[in-house]
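Heads up, the thing below is written out as C-alpha coordinates.
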There are 2 protein chains.
Amino acid sequence: MSQGNDCVTIGAAQARACTVREALDRVGGKWSIGILVAAARGPVRFTELEREVEGISRRMLTLTLRNLERDGLLHRKVYPTVPPKVEYTATPMARELYDSLVALTDWAERHRLAISAARAAYDREHGVTDD
Amino acid sequence: MSQGNDCVTIGAAQARACTVREALDRVGGKWSIGILVAAARGPVRFTELEREVEGISRRMLTLTLRNLERDGLLHRKVYPTVPPKVEYTATPMARELYDSLVALTDWAERHRLAISAARAAYDREHGVTDD
DNA sequence: CCGAATCCCGAAGGATACTG
DNA sequence: CAGTATCCTTCGGGATTCGG
(Lines give C-alpha, C1' and ligand atoms only; values in the text may rest on other atoms or scores of the structure.)
Protein backbone atom coordinates (compact mmCIF):
# COMPACT_ATOMS: atom_id res chain seq x y z
CA MET A 1 0.00 0.00 0.00
CA SER A 2 1.68 3.18 -1.18
CA GLN A 3 4.94 1.61 -0.14
CA GLY A 4 6.63 2.03 -3.48
CA ASN A 5 9.57 4.08 -2.24
CA ASP A 6 12.82 2.27 -1.92
CA CYS A 7 15.02 5.12 -0.76
CA VAL A 8 17.57 3.75 -3.16
CA THR A 9 16.66 4.89 -6.63
CA ILE A 10 17.41 8.50 -5.78
CA GLY A 11 20.35 10.56 -4.68
CA ALA A 12 22.00 11.88 -1.58
CA ALA A 13 19.91 14.25 0.46
CA GLN A 14 16.57 12.98 -0.81
CA ALA A 15 17.49 9.50 0.35
CA ARG A 16 17.62 10.81 3.90
CA ALA A 17 14.25 12.42 3.40
CA CYS A 18 12.95 9.11 2.20
CA THR A 19 14.20 7.32 5.30
CA VAL A 20 12.35 9.81 7.43
CA ARG A 21 9.19 9.24 5.46
CA GLU A 22 9.61 5.52 5.94
CA ALA A 23 9.49 6.02 9.67
CA LEU A 24 6.62 8.47 9.46
CA ASP A 25 4.58 6.07 7.40
CA ARG A 26 4.50 3.66 10.33
CA VAL A 27 2.74 6.17 12.48
CA GLY A 28 1.18 8.33 9.82
CA GLY A 29 -2.31 7.08 10.44
CA LYS A 30 -4.75 9.10 12.43
CA TRP A 31 -4.81 6.67 15.34
CA SER A 32 -1.44 4.90 15.42
CA ILE A 33 0.14 7.18 17.97
CA GLY A 34 -2.83 7.11 20.30
CA ILE A 35 -2.90 3.34 20.29
CA LEU A 36 0.84 3.08 20.68
CA VAL A 37 0.83 5.39 23.67
CA ALA A 38 -1.98 3.47 25.31
CA ALA A 39 -0.32 0.13 24.67
CA ALA A 40 3.08 1.32 25.86
CA ARG A 41 1.84 1.42 29.43
CA GLY A 42 1.26 -2.29 29.51
CA PRO A 43 -1.09 -4.91 28.07
CA VAL A 44 -4.37 -3.39 27.06
CA ARG A 45 -7.55 -5.00 25.80
CA PHE A 46 -9.55 -4.18 22.71
CA THR A 47 -12.45 -2.56 24.51
CA GLU A 48 -10.11 -0.63 26.75
CA LEU A 49 -8.51 0.88 23.69
CA GLU A 50 -11.88 1.66 22.27
CA ARG A 51 -12.60 3.83 25.28
CA GLU A 52 -9.15 5.22 25.89
CA VAL A 53 -8.44 6.31 22.34
CA GLU A 54 -11.26 8.76 22.19
CA GLY A 55 -13.21 9.03 18.98
CA ILE A 56 -11.88 5.95 17.27
CA SER A 57 -14.27 3.64 15.52
CA ARG A 58 -14.34 -0.12 15.86
CA ARG A 59 -13.21 -0.51 12.32
CA MET A 60 -10.23 1.83 12.51
CA LEU A 61 -9.18 0.35 15.81
CA THR A 62 -9.05 -3.09 14.26
CA LEU A 63 -7.30 -1.92 11.13
CA THR A 64 -4.69 0.13 12.93
CA LEU A 65 -4.04 -2.67 15.38
CA ARG A 66 -3.48 -5.05 12.49
CA ASN A 67 -1.03 -2.73 10.80
CA LEU A 68 0.90 -2.10 13.98
CA GLU A 69 1.03 -5.79 14.68
CA ARG A 70 2.16 -6.48 11.15
CA ASP A 71 5.02 -4.01 11.49
CA GLY A 72 6.08 -5.66 14.72
CA LEU A 73 5.14 -2.68 16.85
CA LEU A 74 2.43 -4.45 18.77
CA HIS A 75 2.19 -7.91 20.19
CA ARG A 76 -1.20 -9.56 20.15
CA LYS A 77 -1.99 -12.20 22.73
CA VAL A 78 -5.23 -14.15 22.54
CA TYR A 79 -6.71 -15.93 25.52
CA PRO A 80 -8.97 -18.70 24.21
CA THR A 81 -11.54 -18.17 26.90
CA VAL A 82 -15.30 -18.31 26.60
CA PRO A 83 -15.70 -14.57 26.31
CA PRO A 84 -12.77 -13.82 24.01
CA LYS A 85 -9.93 -11.87 25.55
CA VAL A 86 -7.14 -10.23 23.58
CA GLU A 87 -4.29 -8.17 24.92
CA TYR A 88 -2.11 -5.80 22.97
CA THR A 89 1.35 -4.81 24.11
CA ALA A 90 3.86 -2.42 22.62
CA THR A 91 7.08 -4.12 21.61
CA PRO A 92 10.48 -2.71 22.62
CA MET A 93 10.84 -1.42 19.09
CA ALA A 94 7.62 0.55 19.50
CA ARG A 95 8.79 2.03 22.78
CA GLU A 96 11.99 3.15 21.12
CA LEU A 97 9.92 4.71 18.39
CA TYR A 98 7.91 6.66 20.88
CA ASP A 99 11.10 7.87 22.53
CA SER A 100 12.23 9.18 19.17
CA LEU A 101 8.93 10.91 18.73
CA VAL A 102 9.50 12.81 21.95
CA ALA A 103 12.02 14.94 20.10
CA LEU A 104 9.20 15.92 17.81
CA THR A 105 6.88 16.62 20.68
CA ASP A 106 9.47 18.90 22.10
CA TRP A 107 9.79 20.74 18.83
CA ALA A 108 6.05 21.08 18.50
CA GLU A 109 5.72 22.56 21.98
CA ARG A 110 8.57 24.99 21.48
CA HIS A 111 7.18 26.34 18.24
CA ARG A 112 3.46 25.96 18.64
CA LEU A 113 2.95 29.65 19.17
CA ALA A 114 5.33 30.64 16.39
CA ILE A 115 3.45 28.43 13.98
CA SER A 116 0.09 29.80 15.00
CA ALA A 117 1.44 33.30 14.58
CA ALA A 118 2.89 32.46 11.18
CA ARG A 119 -0.44 31.07 10.08
CA ALA A 120 -2.33 34.07 11.31
CA ALA A 121 0.09 36.40 9.57
CA TYR A 122 -0.08 34.43 6.35
CA ASP A 123 -3.86 34.29 6.37
CA ARG A 124 -4.08 37.97 7.13
CA GLU A 125 -1.67 38.90 4.37
CA HIS A 126 -3.25 36.64 1.82
CA GLY A 127 -6.80 37.50 2.68
CA VAL A 128 -8.38 34.22 3.65
CA THR A 129 -11.13 35.88 5.60
CA ASP A 130 -11.28 38.95 3.44
CA ASP A 131 -9.68 40.75 0.52
CA MET B 1 -7.62 21.81 7.72
CA SER B 2 -8.52 18.70 9.67
CA GLN B 3 -6.94 20.57 12.53
CA GLY B 4 -9.80 20.10 14.92
CA ASN B 5 -7.80 18.48 17.71
CA ASP B 6 -7.04 20.67 20.64
CA CYS B 7 -5.01 18.26 22.72
CA VAL B 8 -7.00 19.63 25.65
CA THR B 9 -10.36 17.98 25.68
CA ILE B 10 -8.87 14.62 26.58
CA GLY B 11 -6.87 13.10 29.36
CA ALA B 12 -3.30 12.43 30.36
CA ALA B 13 -1.44 10.09 28.05
CA GLN B 14 -3.63 10.71 25.04
CA ALA B 15 -2.83 14.40 25.29
CA ARG B 16 0.81 13.57 24.68
CA ALA B 17 -0.18 11.47 21.72
CA CYS B 18 -2.11 14.43 20.42
CA THR B 19 0.90 16.72 20.69
CA VAL B 20 2.91 14.25 18.67
CA ARG B 21 0.23 14.18 16.03
CA GLU B 22 0.29 17.94 15.89
CA ALA B 23 3.94 17.85 14.98
CA LEU B 24 3.46 15.02 12.52
CA ASP B 25 0.70 16.91 10.77
CA ARG B 26 3.20 19.58 9.74
CA VAL B 27 5.24 17.06 7.82
CA GLY B 28 2.61 14.42 7.26
CA GLY B 29 2.23 15.19 3.61
CA LYS B 30 3.89 13.02 1.03
CA TRP B 31 6.35 15.69 -0.08
CA SER B 32 6.95 18.01 2.89
CA ILE B 33 10.10 16.31 4.08
CA GLY B 34 11.66 16.13 0.64
CA ILE B 35 11.10 19.82 0.08
CA LEU B 36 12.31 20.73 3.54
CA VAL B 37 15.50 18.78 3.09
CA ALA B 38 16.18 20.39 -0.26
CA ALA B 39 15.46 23.87 1.05
CA ALA B 40 17.56 23.38 4.18
CA ARG B 41 20.75 23.43 2.12
CA GLY B 42 20.14 27.00 1.06
CA PRO B 43 17.88 29.02 -1.18
CA VAL B 44 16.34 26.89 -3.87
CA ARG B 45 14.19 27.81 -6.82
CA PHE B 46 10.88 26.35 -7.91
CA THR B 47 12.21 24.47 -10.90
CA GLU B 48 15.15 23.20 -8.92
CA LEU B 49 12.77 21.66 -6.45
CA GLU B 50 10.75 20.17 -9.24
CA ARG B 51 13.82 18.25 -10.37
CA GLU B 52 15.34 17.52 -7.00
CA VAL B 53 12.23 16.20 -5.31
CA GLU B 54 11.77 13.32 -7.64
CA GLY B 55 8.29 12.36 -8.69
CA ILE B 56 6.52 15.45 -7.42
CA SER B 57 3.97 17.13 -9.65
CA ARG B 58 3.76 20.83 -10.31
CA ARG B 59 0.53 21.02 -8.41
CA MET B 60 1.71 19.25 -5.29
CA LEU B 61 4.93 21.22 -5.25
CA THR B 62 2.98 24.45 -5.21
CA LEU B 63 0.51 23.27 -2.61
CA THR B 64 3.14 21.88 -0.27
CA LEU B 65 5.26 24.99 -0.62
CA ARG B 66 2.27 27.13 0.31
CA ASN B 67 1.52 25.07 3.39
CA LEU B 68 5.12 25.09 4.55
CA GLU B 69 5.30 28.82 4.01
CA ARG B 70 2.07 29.30 5.89
CA ASP B 71 3.40 27.36 8.87
CA GLY B 72 6.50 29.52 8.89
CA LEU B 73 8.79 26.67 7.84
CA LEU B 74 9.77 28.17 4.53
CA HIS B 75 10.59 31.68 3.50
CA ARG B 76 9.56 32.75 0.02
CA LYS B 77 11.51 35.49 -1.70
CA VAL B 78 10.31 36.86 -5.01
CA TYR B 79 12.61 38.69 -7.39
CA PRO B 80 10.44 40.90 -9.60
CA THR B 81 12.57 40.27 -12.65
CA VAL B 82 11.42 39.76 -16.20
CA PRO B 83 11.63 36.01 -16.04
CA PRO B 84 10.15 35.47 -12.60
CA LYS B 85 12.52 34.18 -9.96
CA VAL B 86 11.46 32.82 -6.60
CA GLU B 87 13.67 31.38 -3.90
CA TYR B 88 12.60 29.20 -1.03
CA THR B 89 14.63 28.92 2.14
CA ALA B 90 14.10 26.83 5.23
CA THR B 91 13.61 28.92 8.35
CA PRO B 92 15.55 28.21 11.56
CA MET B 93 12.41 26.58 12.92
CA ALA B 94 12.38 24.21 9.99
CA ARG B 95 16.03 23.31 10.51
CA GLU B 96 15.29 22.51 14.12
CA LEU B 97 12.44 20.34 12.95
CA TYR B 98 14.72 18.45 10.67
CA ASP B 99 17.17 17.92 13.51
CA SER B 100 14.36 16.41 15.53
CA LEU B 101 13.50 14.16 12.66
CA VAL B 102 17.00 12.72 12.74
CA ALA B 103 15.99 10.72 15.78
CA LEU B 104 13.31 9.15 13.65
CA THR B 105 15.71 8.47 10.82
CA ASP B 106 17.95 6.73 13.25
CA TRP B 107 15.09 4.60 14.52
CA ALA B 108 14.01 3.73 11.01
CA GLU B 109 17.49 2.63 10.03
CA ARG B 110 17.98 0.57 13.16
CA HIS B 111 14.73 -1.32 12.76
CA ARG B 112 14.23 -1.42 9.03
CA LEU B 113 15.18 -5.06 8.82
CA ALA B 114 13.18 -6.02 11.88
CA ILE B 115 10.10 -4.41 10.41
CA SER B 116 10.54 -6.11 7.08
CA ALA B 117 10.98 -9.40 8.87
CA ALA B 118 7.90 -8.79 11.01
CA ARG B 119 5.87 -8.04 7.92
CA ALA B 120 7.11 -11.09 6.11
CA ALA B 121 6.35 -13.26 9.12
CA TYR B 122 2.91 -11.76 9.52
CA ASP B 123 2.06 -12.14 5.87
CA ARG B 124 3.31 -15.70 5.87
CA GLU B 125 1.35 -16.61 8.94
CA HIS B 126 -1.82 -14.92 7.79
CA GLY B 127 -1.59 -16.10 4.23
CA VAL B 128 -1.58 -12.93 2.19
CA THR B 129 0.18 -14.44 -0.76
CA ASP B 130 -0.93 -17.96 -0.03
CA ASP B 131 -2.97 -20.02 2.37
C1' DC C 1 -15.89 -9.42 23.62
C1' DC C 2 -13.46 -9.11 19.43
C1' DG C 3 -13.57 -8.58 14.95
C1' DA C 4 -14.78 -9.02 9.69
C1' DA C 5 -17.56 -7.15 5.79
C1' DT C 6 -19.84 -3.63 3.33
C1' DC C 7 -21.09 1.04 1.95
C1' DC C 8 -19.94 5.70 1.46
C1' DC C 9 -17.77 10.24 1.56
C1' DG C 10 -14.24 13.72 1.58
C1' DA C 11 -9.43 14.66 1.28
C1' DA C 12 -4.93 13.72 -0.86
C1' DG C 13 -2.70 13.44 -4.71
C1' DG C 14 -1.58 12.75 -10.06
C1' DA C 15 -1.94 14.62 -15.09
C1' DT C 16 -2.24 18.18 -17.94
C1' DA C 17 -3.39 22.58 -20.10
C1' DC C 18 -3.31 27.46 -19.48
C1' DT C 19 -1.16 32.19 -17.88
C1' DG C 20 1.53 36.56 -16.39
C1' DC D 1 10.05 30.70 -14.80
C1' DA D 2 6.66 30.07 -11.55
C1' DG D 3 2.79 29.23 -10.90
C1' DT D 4 -3.01 28.50 -11.41
C1' DA D 5 -7.11 25.89 -12.86
C1' DT D 6 -9.45 21.79 -13.89
C1' DC D 7 -10.38 17.04 -14.01
C1' DC D 8 -10.03 12.52 -12.31
C1' DT D 9 -8.39 8.56 -9.38
C1' DT D 10 -7.13 6.67 -5.07
C1' DC D 11 -7.15 6.18 -0.31
C1' DG D 12 -8.07 7.01 4.58
C1' DG D 13 -11.46 6.66 7.49
C1' DG D 14 -16.55 7.05 9.47
C1' DA D 15 -21.15 4.43 10.01
C1' DT D 16 -23.29 0.39 10.17
C1' DT D 17 -24.23 -4.56 10.10
C1' DC D 18 -23.16 -9.36 10.73
C1' DG D 19 -20.55 -13.37 12.99
C1' DG D 20 -17.68 -16.47 16.11
Side-chain angles (χ1 to χ4, degrees), chain A residues 1-5 21 24-35 38-39 43-71 74-89 122 126-128 131, chain B residues 1-5 21 24-35 38-39 43-70 74-89 122 125-128 131:
Chain A
M1 290 72 169
S2 73
Q3 214 65 21
N5 287 358
R21 287 241 82 274
L24 290 182
D25 284 344
R26 313 293 173 194
V27 290
K30 188 176 181 180
W31 306 105
S32 306
I33 300 286
I35 292 177
V44 61
R45 300 183 56 175
F46 189 89
T47 320
E48 283 185 81
L49 285 168
E50 209 172 356
R51 281 172 315 194
E52 190 153 352
V53 182
E54 204 151 339
I56 196 171
S57 68
R58 231 188 198 71
R59 175 183 132 86
M60 287 317 295
L61 180 54
T62 303
L63 282 182
T64 311
L65 285 173
R66 287 295 167 276
N67 282 329
L68 293 175
E69 185 196 357
R70 190 166 102 101
D71 284 347
L74 282 187
H75 176 65
R76 180 168 176 266
K77 180 163 191 178
V78 183
Y79 298 86
T81 56
V82 182
K85 175 178 175 181
V86 180
E87 278 183 350
Y88 294 90
T89 319
Y122 185 95
H126 297 74
V128 167
D131 190 24
Chain B
M1 293 55 172
S2 76
Q3 213 67 17
N5 287 356
R21 286 240 85 279
L24 290 183
D25 284 344
R26 312 292 173 196
V27 290
K30 189 175 180 180
W31 306 105
S32 306
I33 299 287
I35 291 177
V44 61
R45 301 182 58 173
F46 189 89
T47 320
E48 284 185 81
L49 285 168
E50 209 173 356
R51 282 172 313 193
E52 193 154 350
V53 183
E54 203 151 341
I56 196 171
S57 68
R58 229 184 198 74
R59 178 182 129 84
M60 286 317 295
L61 179 54
T62 303
L63 282 180
T64 311
L65 284 173
R66 288 294 168 276
N67 283 329
L68 292 175
E69 185 195 357
R70 191 167 101 101
L74 281 187
H75 176 65
R76 179 168 177 267
K77 180 162 192 179
V78 183
Y79 296 87
T81 55
V82 184
K85 175 178 175 181
V86 180
E87 279 181 348
Y88 292 92
T89 319
Y122 185 95
E125 190 172 347
H126 298 74
V128 167
D131 192 27

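Here is how names work: the chains are called A, B, and so on, in the same order as the sequence lines, proteins then strands, and each is numbered from 1. Hydrogens, waters and symmetry mates play no part in the numbers below; they use all other heavy atoms, side chains included.
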I'd like to check the side-chain contact (heavy atoms from CB on, under 4.5 Å) partners of P43(B); sequence neighbours left out, ordered by chain and number.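 E87(B), T89(B).
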Under the side-chain contact (heavy atoms from CB on, under 4.5 Å) test, residues paired with R59(A) that sit two or more places apart: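 In terms of side-chain contact (heavy atoms from CB on, under 4.5 Å), with neighbours along the sequence ignored, R59(A) is linked to S57(A), L63(A).
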Look at the side-chain N and O atoms of R45(A) and state whether any lies under 4.0 Å from the OP1 or OP2 oxygen of dC1(C). no
Hey, is the side chain of Y88(B) poking within less than 4.0 Å of OP1 or OP2 on dC1(D), counting only N and O atoms? no
What is the separation between atom [atom1] on [X] and atom [atom2] on [N], rounded to the nearest whole Å?
{"X": "K85(B)", "N": "dG3(D)", "atom1": "NZ", "atom2": "C1'", "value": "17 Å"}
{"X": "L24(B)", "N": "dG12(D)", "atom1": "CG", "atom2": "C1'", "value": "16 Å"}
{"X": "D25(A)", "N": "dG12(D)", "atom1": "CG", "atom2": "P", "value": "10 Å"}
{"X": "N67(A)", "N": "dG3(C)", "atom1": "CG", "atom2": "C1'", "value": "15 Å"}
{"X": "L61(A)", "N": "dG12(D)", "atom1": "CG", "atom2": "P", "value": "17 Å"}
{"X": "F46(B)", "N": "dT19(C)", "atom1": "CZ", "atom2": "P", "value": "18 Å"}
{"X": "R21(B)", "N": "dG12(D)", "atom1": "CZ", "atom2": "P", "value": "13 Å"}
{"X": "L49(B)", "N": "dC1(D)", "atom1": "CG", "atom2": "C1'", "value": "13 Å"}

Using a heavy-atom cut-off of 4.0 Å across all strands, would you classify Y79(A) as base, sugar-phosphate, or nothing?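 No contact.
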Which part of the nucleic acid does T62(B) contact within heavy-atom distance under 4.0 Å: base, sugar-phosphate only, or nothing? base
For [X], which residues count as a side-chain hydrogen bond (donor to acceptor under 3.5 Å, both in side chains) partner, sequence neighbours excluded?
{"X": "E48(B)", "value": "none"}
{"X": "R58(A)", "value": "E50(A)"}
{"X": "R45(B)", "value": "none"}

Tell me, do Y122(A) and R66(B) make a side-chain contact under 4.5 Å, heavy atoms counted? yes
For G28(B), does its backbone N or O pair with a side-chain atom of S32(B) as donor and acceptor, under 3.5 Å? no
When every nucleotide of nucleotides 13-20 of chain D is labelled 5' to 3' by its protein contacts under 4.0 Å (heavy atoms), B for base, S for sugar-phosphate only, - for none, what sequence of letters results? BBB----B
